[in-house]
Protein chains: 2
Amino acid sequence: MNKPVTLKDIARETGVHVSTVSRALDPNARTSLTREVVERIRSTAERMGYRPNRLASSLRTKRTMSIGLMIPDIENTLFPPIVRGAESVLEPAGYTSIIVNTDSDRKREAKLVDVLLERGVDGIIHAAPYLSDPRMIEVARRGLPMVTVNRQIENSEIPSVVNDDPGGIAMMLRYLHEHGHRHIAHIAGPKNLSTGRARIEAFKATAKELHLDLPDEALVVSNYFDEQEGRRCTRQLLESGTEFTAILCANDRLALGAFDALRQHGLSCPDDISVTGYNGIPFLDLIPPGLTTIQIPQFDIGRIGAELLIKMMTDPDATIPRTTILPVKLVERGSVKRIDPA
Amino acid sequence: MNKPVTLKDIARETGVHVSTVSRALDPNARTSLTREVVERIRSTAERMGYRPNRLASSLRTKRTMSIGLMIPDIENTLFPPIVRGAESVLEPAGYTSIIVNTDSDRKREAKLVDVLLERGVDGIIHAAPYLSDPRMIEVARRGLPMVTVNRQIENSEIPSVVNDDPGGIAMMLRYLHEHGHRHIAHIAGPKNLSTGRARIEAFKATAKELHLDLPDEALVVSNYFDEQEGRRCTRQLLESGTEFTAILCANDRLALGAFDALRQHGLSCPDDISVTGYNGIPFLDLIPPGLTTIQIPQFDIGRIGAELLIKMMTDPDATIPRTTILPVKLVERGSVKRIDPA
DNA sequence: TTGAAAGCGCTAACAA
DNA sequence: TTGTTAGCGCTTTCAA
C-alpha cells in the first residue's frame, strides 16, 4: 500500500510549517490565516490526495469520534432499524459506530465493553443491557457517556430512551377486553430485562383495573424473547388446563412461537385462541393470520438515543432527561377475534 | 472520565522503563524478560486497571486491527447472517469491524470508503459492490486488502466469495421443468450487479438446454432487488400477455413482490402461477404458500470472506483464490405446483 | 499571521 | 535482559 500523504508532505510541498498546514485544513482554525495561504494549502492537499489520519488526531485530542453500539444480535430484526436510526444522526455528525453483538451473554458483554474501551470510543449506546448491569453502571460512572435504548438498567442514572411499555400493554389488554375476551393469558418476557418486567407489571395492573380473573397458571414467564420460548410457554399454558381465549405475548417473537404451538395442538388462531404481540418487527404483515401488535418506534428510539449521546459527549453539563418515553401504537391485524364475553 | 493508566504510569510504579513495561505486556516480546519482572509488571498493570491504548499502538504499528464491512443495508435480512459469519472469525482474531450501509448509492459508497480509509482500516470486506466499481478497484490497487462477498466486481483481481449462481439457477429451472412447467418467466436482478447478471445468463443458458420457449416478454429485468420491483415486474409480465405458468425470480424479495402482485390480480400461487426465489432469507417458511428457493450459505460467505481477508492482511504473499464459489441447495416449499406439461 | 516545540501513548531499533 | 532514543501524524500552546 503506497504511503498516505501527511501534513508534513504538504508542508514540504507548499513551503510552510506543518502547523500552518494543520490550521489551514481545520475549518475552525482556518480563520487565523491568510486567505491566500489557506487556498494554496487546500489545493495542494487536494492535489496530493491528502486524507487526514484520524488516529493521530485522536491520539492528540482524546476524541476518536467513534461510539460503541451494543445490541443483542444483528440478526434479530428488531435491532437493525434502531441501528439505522442511531446512525442517521451519528454519521452526519462525523461519528463512526462500532457495532457489537452481545448475544445476551454477560461474559461477552463485559469482554465487548473492554474492546470498546480499548478502542477509545467517545460514548456507548447500549440496546441490550440487563436490568441489573453493574458493569455498565461502573463504566458510565467512570465518566464514559452512555445511553441505553429500548431497555433500561435499574438503579442507575444512565439516560434511556424507551417505548411506552405500560401504555402499550394497557392498550393491548383493553383492546382484547373490548373484543370480548375475559380470560387472557400472558406470556411474559424475561424477568432480568426491563421490558420483560415493565410489561408484566403493566399487564397485572391493567388486568386488575379491568377486573379480569387472573389465575397464576395464566401467567407464564419466558426465559428469552424468542420463538422457542414462545412455543414452550404456550404449551405450558395449554397443558396447565387454565381457561383462556387469548394470549397477550410480551413480544412478537414469543407470539410467533405461540402461533406455532397452537397449530401443533390443532388449535387455530384466531378462531380458537387470539394472540397479540409487541414491537412490530418486519414481515409480520405477511405471516398469517397477521399478528396484531404494538408498534414501537424503532428508528426514533435509535435516533433520539444518538442525539442524547451526542449531547452528552459534546456538552458534559447538558441536562439530559433520565428517561425518554416514546409513544407506541396498536396495529390491528388478523390474530384477534371478537367474541361474546364469556 | 478519570485518566486511563498508561505504560508510563506502570513504569513509574514498578521502577522500570516504559519500554520494559511494553515488552512485559506483549505476549511476543515477553520472552526476552525475566520471569519475575514480567510477573511484577503484569500484576501491577492488572492492579492499576491498565488498558492498552490501541490508538497509540496503531499509530506506531500502522495497523488498526479494524476492517471495514460494507453492506447495502443492515435492514435487508440477507446481510446480518453474512456479518455474523465474518465476525465469527474477525473477532477471535482481534479485529473490530466498522459496518457501513451504502444504501446501494455510489456517492455514499465513495464517501464511506473515505471514512474507512481515514479510520485506517487494515482491510475491507465489500458485500455491496457494483459490477463496475472503479473506485473500489482503485482502492484495492493502491494496496488495501479487499475481498468482495456475495457479489463481484468485473475486470478486477479482487478476490470474491460468492454462491454458485449458475448452479443454483440451473437447479431451480430444472426443478420447474421437472414439475411440468414449460412456459417460465424470469424476473431478473439489476444488470449492474454481478448476481443479477450471473443469474439471468444462467437462466438463458439453462432454458436453452431445456429447449424452453423464451419470448422476450417473458424476461423482465428489475432495477432493484426489492419487493416493489417484484410487484412492478410481475405486473409487466401479466400485462404483456405472454403465457407462463411459473416465474423464476432472481431473489426472494422479488418473489415476495410477485406473490403480492399475483394476489392483486386475483391469481393464486401456486394454483395459477408457481413462483420461486433465490437466497433463502429468514421468515420465508412462515409466509404462505412458502417460497421454494435456493438457499445460499450466508454465514459461510461472510466467514470465508473474512478468512481470506485476514490471510491477505497478514501475509501479503499468500496465494488467494480469485473466486471462491460456495454450493447452494434447493429448498422445496409450497410455491411450486406440479402440472401437466403443456 | 506564522513558526517552533512539545507531546498524546505506544513500539522498536539500537546500545549497553 | 533492560534502557535509551526516536518517531508514528497530528494538535496546540507559546513565541515571534
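The figures here come from the full heavy-atom set of this structure, side chains too, leaving out hydrogens, waters and symmetry mates. What you are looking at is a predicted structure, and each value in this text was computed from that prediction instead of being measured. Chain letters run A, B, ... following the sequence lines, proteins first, then strands; residues in each count from 1.
Nucleic acid contact class of B:S19 (heavy atoms, under 4.0 Å, all strands): base. Within the 4.0 angstrom heavy-atom criterion, base atoms lie near A:S22. Across all strands, B:R54 comes closer than 4.0 Å to no nucleic acid atom at all (heavy-atom distances).
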* **From CA spacing to verdict: side-chain contact (heavy atoms from CB on, under 4.5 Å), B:N150, B:F79** => CA-CA 9 Å; B:N150 185 53; B:F79 295 96; 3.8 Å; yes

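Taking side-chain N and O atoms only, B:T34 has a distance below 4.0 Å to OP1 or OP2 of D:dT2. Between B:Y50 and C:dG9, a side-chain N or O to OP1/OP2 separation shorter than 4.0 Å is absent.
Place A:T61 and B:L59 on DNA chain D by their nearest nucleotides, and B:L59 ends up nearer the 5' end. Remark on DNA chain C: of its neighbouring residues B:L55 and B:H17, the 5'-side contact belongs to B:L55, judged by nearest-heavy-atom nucleotide. Two residues, B:V38 and A:D26, neighbour DNA chain D, and the one matched to the more 5' nucleotide by heavy-atom proximity is B:V38. When each of A:K62 and A:G15 is assigned the nucleotide of DNA chain C bearing its nearest heavy atom, the one mapping closer to the 5' terminus is A:G15.
Side-chain atoms of B:V162 and B:I325, non-hydrogen and from C-beta on, do get closer than 4.5 Å to each other. Under the 4.5 Å side-chain criterion, counting only non-hydrogen atoms from C-beta, B:V100 is not in contact with B:V115. Residues B:L59 and A:N53 form a side-chain contact, since some pair of their non-hydrogen atoms from C-beta on lies under 4.5 Å apart.
Going from atom CG of B:D9 over to atom P of C:dC8 covers 11 Å, rounded to whole Å. In this entry the distance linking NZ of B:K8 with C1' of C:dT11 reads 15 Å, nearest Å. Rounded to whole Å, the distance from CG on A:L25 to C1' on D:dT12 is 16 Å. Here D:dC8 presents its C1' atom at 13 Å from CG of A:L7, a figure rounded to the nearest Å. Note: CZ (B:R60) to P (C:dG7) measures 18 Å, nearest angstrom. For the pair A:N53 CG and D:dC8 C1', the interatomic distance rounds to 8 Å; values are reported in whole Å.
Rotation axes derived from the C1' atoms of the five outermost pairs at either end of the helix from C:dT1-D:dA16 to C:dA16-D:dT1 lie 40° apart, to the nearest 10°.
For D:dG9, its base never sits under 3.5 Å from the side chain of A:R51 at any donor and acceptor pair.
No side-chain donor-acceptor contact under 3.5 Å links B:S160 to the backbone of B:Q152.
Applying the side chain to side chain donor-acceptor pair (under 3.5 Å) criterion to B:S19, with sequence neighbours excluded, gives B:H17, B:R23.
Identified under the side-chain hydrogen bond (donor to acceptor under 3.5 Å, both in side chains) test for residues 68-81 of chain B, with sequence neighbours left out: A:R84-B:D73.
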